[in-house]
Amino acid sequence: MSTATAPSNAVPSAAPSVAPEIMDVGYGRQFAAFYDRLFPQDGAAERTAETLAGWHPGGRTLELGVGTGRIAVPVARRTGEVVGVDSSPEMLDQLRAAVAESGAPVVPVHGDIRTYDDGTRYGLVYAVCATLSLVLDAAGQRTAVARAAHHLAPGGTLVVETHNPGLVHTLHEGRVRTSFFAPYPEPGTGLQTYSTLIPERGLWHTSHLWHEAGGVRLGSEVNRLTMPEEVDAYAAEAGLVLVSRQGDWSGGAFVPDQSAVHISRYVRADEQAAEQAADVVAEKAADVVAEQGERS
């Protein structure tokens, strides 16, 4: 999902009087017309939505980097209205079409995930499909996570999914450049990717050739290879603590050199501490009841 990439070091505590510039890297201009076709219709979007809905503590929902609504639409069917922010007008046009067709309660908003602030607090805030990795500097990523934390209501949950650098390096097998082809179920359909590492900047450049009946489409993107520990550090600076991490949307374990993505779930540190204390009290109470039952 498209996001801005220019560095930003400060998170305003309130919406500014003049709307900030929305920086767009052009991801949507290249991919919007065929983006959804890059994802096989194998139920993956529904599994993602089901997991996110299961983590939803209640209240409103915000997606940062909503793109075409591939995830927001099924999430909205489960949890109610989703506000979807994206910097790409082209992606938001696709989202509006999806909303019109499905009737799903998704509200498209043109904005920058590092600066967007509607004054609302959300029970669930999520950024998936490597949205965070499209922010190409650590300062900008830190600001984006801080802004996401700012949006959380009391008891709220933040979920971040992005590429796993470990697998990227595994695929490259020590080389700076490589390529690979992924066939799709439809005859004559597949994705050819030319992959280049830019180690001095921690970046990953990919050019994709999407083959389908009628021709070939080209799209290129640059991602920052972001380690899960970096996301944890951004979250900690924003007052959040890691609750869980997994390597896919079916709940599979995260394997550092094998998982395609890392999916991390965070809550506020003070709220987790309170919850853990309550759990301890409940366990002690249960032990007392059990002990009294044995004596009687």
Side-chain angles (χ1 to χ4, degrees), residues 1 3 11 44-86 91-92 95 98-99 102 104-109 111-133 135 141 143-162 228 231-232 234-251 254 261-275:
M1 307 301 181
T3 61
V11 178
E46 296 295 332
R47 286 193 297 275
T48 301
E50 192 67 27
T51 300
L52 289 169
W55 288 341
H56 203 312
R60 304 189 68 185
T61 308
L62 173 66
E63 179 171 355
L64 301 172
V66 67
T68 64
R70 189 180 71 91
I71 302 302
V73 167
V75 168
R77 288 199 297 263
R78 291 165 169 81
T79 68
E81 183 181 276
V82 174
V83 174
V85 178
D86 205 289
M91 286 291 204
L92 291 174
L95 172 58
V99 168
S102 67
V106 180
V107 180
V109 178
D112 186 325
I113 68 169
R114 300 165 308 149
T115 58
Y116 176 73
D117 189 357
D118 60 6
T120 302
R121 297 297 174 260
Y122 295 85
L124 176 66
V125 178
Y126 64 94
V128 297
C129 296
T131 288
L132 186 64
S133 290
V135 179
Q141 290 186 337
T143 299
V145 172
R147 174 57 64 195
H150 173 75
H151 288 299
L152 288 177
T157 295
L158 170 65
V159 179
V160 178
E161 174 202 24
T162 196
V231 185
D232 291 347
Y234 302 151
E237 290 179 25
L240 306 181
V241 64
L242 181 69
V243 174
S244 66
R245 173 165 293 128
Q246 56 196 55
D248 59 48
W249 289 103
S250 297
F254 173 67
V261 297
H262 49 86
I263 303 165
S264 306
R265 179 165 54 118
Y266 303 93
V267 298
R268 294 202 178 280
D270 53 352
E271 293 170 350
Q272 189 192 50
E275 182 178 343

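Under the 4.5 Å side-chain criterion, counting only non-hydrogen atoms from C-beta, Y266 is in contact with D232. You'll find the side chain of F254 stays beyond 4.5 Å of the side chain of Q246, heavy atoms only. Inter-residue side-chain proximity for V82 and V107 is flagged as unmet; no heavy-atom pair is nearer than 4.5 Å. At least one side-chain heavy atom of R70 sits less than 4.5 Å from a side-chain heavy atom of C129. With contacts defined as side-chain heavy-atom distances shorter than 4.5 Å, the pair H150/D117 qualifies. Put simply, the side chain of V261 does not reach to within 4.5 Å of the side chain of T162, judged on heavy atoms. Contact check for Y234 versus L240: no side-chain heavy atoms found under the 4.5 Å cut-off. Side-chain contact check for V128 versus I71: some heavy-atom pair is nearer than 4.5 Å.
Checked by atom type and distance alone, the side chain of D86 never pairs as donor or acceptor with a backbone atom of L92 at under 3.5 Å. In terms of modelled atom types and a separation under 3.5 Å, the side chain of R268 and the main chain of A149 share a donor-acceptor contact. Here the side chain of D248 pairs a donor or acceptor atom with the backbone of G251 at under 3.5 angstrom. Judged by distance alone, with hydrogens and angles left aside, the side-chain atoms of T131 form no donor-acceptor pair with the main-chain N or O of A127 at under 3.5 Å.
Applying the side-chain contact (heavy atoms from CB on, under 4.5 Å) test to E46 and every residue at least two apart in sequence or in another chain returns P74, R77, R78. Residues meeting the side-chain hydrogen bond (donor to acceptor under 3.5 Å, both in side chains) test with H56, sequence neighbours left out: T61. Scanning for side-chain hydrogen bond (donor to acceptor under 3.5 Å, both in side chains) contacts around S264 gives R245, with sequence neighbours left out.
The side-chain contact (heavy atoms from CB on, under 4.5 Å) with Y126 is formed by just one residue from the set V160, L158, V75; it is V75.
Nearest approach of R60 to V83, heavy atoms of both residues: NH2-CG2, 3.9 Å. Nearest heavy-atom pair, A76 versus A104, reported as atom, atom and distance to 0.1 Å: CB-CB, 4.4 Å. Closest non-hydrogen pair, S244 versus W55, comes out as OG-CZ2, 4.3 Å. Contact between L64 and A148 at its shortest, heavy atoms only, is CD1-CB, 3.8 Å. Contact detail for V66 and A72: the closest heavy-atom pair is CG2-CB, 3.6 Å. What you find for A238 and V145 is that their closest heavy atoms are CB-O, 4.5 Å.
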Worksheet entry | Test side-chain contact (heavy atoms from CB on, under 4.5 Å) applied to L52 and V159, step by step | CA-CA 8 Å; L52 289 169; V159 179; 4.0 Å; yes

Practice prompt. Apply side-chain contact (heavy atoms from CB on, under 4.5 Å) to V243 and V267, showing your working.
Written response: CA-CA 7 Å; V243 174; V267 298; 3.5 Å; yes

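Between Y116 and H151, the ring planes lie tilted relative to each other; the angle falls in the 30° to 60° range.
Between R114 and D112, at least one side-chain N (NZ, or NE/NH1/NH2) sits under 4.0 Å from a carboxylate O, which counts as a salt bridge.
There is a side-chain donor-acceptor pair under 3.5 Å between E161 and W249.
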